[in-house]
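Notes follow the structure.
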Amino acid sequence: AFRGQRTADAIAIIERSMAAYPRSFVARDRAVELYLRLGDHAAVEELTASLPEVSVPRIALAFARGDVRTAARLARRPAPA
């Protein structure tokens, strides 16, 4: 129960941080990392929807889904300028 509460607290803190600083990539990336650890791919999709296709969070999501080909394809493409 304690671990679950700490996870819920972490999610709440990160979401408040993202609301307060919507352009903060640090808060968004921490949220992506946490949601990937929890296996919540839908939450990661929502967080990364506005990002360019070639971005670390989208590559991480592809890996988390087991889609190594897509992750490798994205990693090889140049990042947008």
Side-chain angles (χ1 to χ4, degrees):
F2 179 70
R3 179 171 287 191
Q5 183 59 46
R6 289 184 58 115
T7 301
D9 291 345
I11 291 170
I13 290 167
I14 289 171
E15 288 182 350
R16 281 197 306 270
S17 178
M18 288 189 306
Y21 304 99
R23 296 178 57 145
S24 171
F25 68 89
V26 174
R28 184 205 58 231
D29 288 354
R30 293 298 71 81
V32 166
E33 179 183 347
L34 180 59
Y35 286 130
L36 284 175
R37 286 181 182 205
L38 294 172
D40 191 346
H41 297 170
V44 176
E45 285 178 8
E46 187 176 320
L47 286 171
T48 61
S50 64
L51 296 178
E53 184 180 23
V54 178
S55 64
V56 171
R58 285 188 178 223
I59 294 168
L61 178 58
F63 268 118
R65 289 183 166 152
D67 189 354
V68 178
R69 288 179 192 241
T70 297
R73 178 181 55 80
L74 293 174
R76 284 192 302 266
R77 289 181 55 193

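Owing to the predicted nature of the structure, the values given are computational and were not obtained by experimental measurement.
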_side-chain contact (heavy atoms from CB on, under 4.5 Å) evaluation trace for Thr70 with Arg73_ = CA-CA 5 Å; Thr70 297; Arg73 178 181 55 80; 3.6 Å; yes

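- Across every non-hydrogen atom of Arg58 and Pro52, the tightest pair is CD-O, 3.4 Å.
- Partners of Glu46 by salt bridge (charged side-chain N to carboxylate O under 4.0 Å, His left out), not counting sequence neighbours: none found.
- Distance check: Phe63 CZ to Leu74 CG gives 9.5 Å after rounding to the nearest 0.5 Å.
- There is no path of hydrophobic side-chain contacts, each under 4.5 Å, that joins Val32 to Ile59.
- No single ILVMFWY cluster, assembled from side-chain heavy atoms under 4.5 Å apart, contains both Val56 and Leu47.
- For Arg23, the salt bridge (charged side-chain N to carboxylate O under 4.0 Å, His left out) test picks out no residue, with sequence neighbours left out.
- A continuous path of ILVMFWY side-chain contacts below 4.5 Å connects Leu38 to Ile14, so both sit in one hydrophobic cluster.
- Under the 4.5 Å side-chain heavy-atom criterion for Ile, Leu, Val, Met, Phe, Trp and Tyr, Ile11 and Leu61 are members of the same hydrophobic cluster.
- The closest side-chain heavy-atom distance from Ser55 to Thr48 is not below 4.5 Å.
- Legend: salt bridge (Lys or Arg N to Asp or Glu O under 4.0 Å) pairs involving residues 27-44, not counting sequence neighbours, sorted by first then second residue: Arg30-Glu33, Glu33-Arg37.
- The minimum heavy-atom distance between Met18 and Ala27, with the atom names listed, is CG-CB, 3.7 Å.
- Thr7 contributes atom OG1, which lies 6.5 Å from atom CG of Leu34 (distance to the nearest 0.5 angstrom).
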